[in-house]
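In this text, all values refer to a predicted model and were calculated from it rather than measured experimentally. The figures that follow rest on heavy atoms only: side chains count, while hydrogens, waters and symmetry mates do not. Along the sequence shown, the residues carry numbers beginning at 1.
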Amino acid sequence: MEPLALSINETAKALGVGRSSVYALIKSGGLDAIKIGRRTLLTTESVRRLAQSRSLA
C-alpha cells in the first residue's frame, strides 16, 4: 500500500530540494500539510500534483 503522507525529509528527498524549500512550498500553498501532534506531514497527492505541474512548465 502506498503511503498517504510523507514527512518533510521524505518530501525533500523525493523532490530533490532542501527542507527550507519544502517549508516555503507549504507556506505558499504549493503543498498540502497535515499536522499530527508535533509532526508535519505532506499528502502524497499534493507532492505528485506539484511534481507534475513543474514538469509541464
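- Between Leu31 and Thr11 the shortest side-chain heavy-atom distance falls below 4.5 Å.
- If you take OG1 on Thr44 and CG on Leu6, they are separated by 6.0 Å, rounding to the nearest 0.5 Å.
- Taking OG of Ser21 as the start and CD1 of Ile8 as the end, the distance is 11.5 Å to the nearest 0.5 Å.
- Gln52 places no side-chain N or O within donor-acceptor distance of the main-chain N or O of Arg49, the cut-off being under 3.5 Å.
- Contact of the Leu4 side chain with the Thr43 side chain is not registered, since no non-hydrogen atoms from C-beta on lie closer than 4.5 Å.
- Other residues, nucleotides and ligands place no more than 12 heavy atoms under 6.0 Å from the NZ atom of Lys27.
- Each of Asp32, Leu25, Ile26 was compared with Leu42 under the side-chain contact (heavy atoms from CB on, under 4.5 Å) criterion, and only Ile26 meets it.
- The shortest distance between side-chain heavy atoms of Asn9 and Arg19 falls below 4.5 Å.
- One hydrophobic cluster, built from ILVMFWY side chains closer than 4.5 Å, cannot hold both Val22 and Leu41; they sit in different ones.
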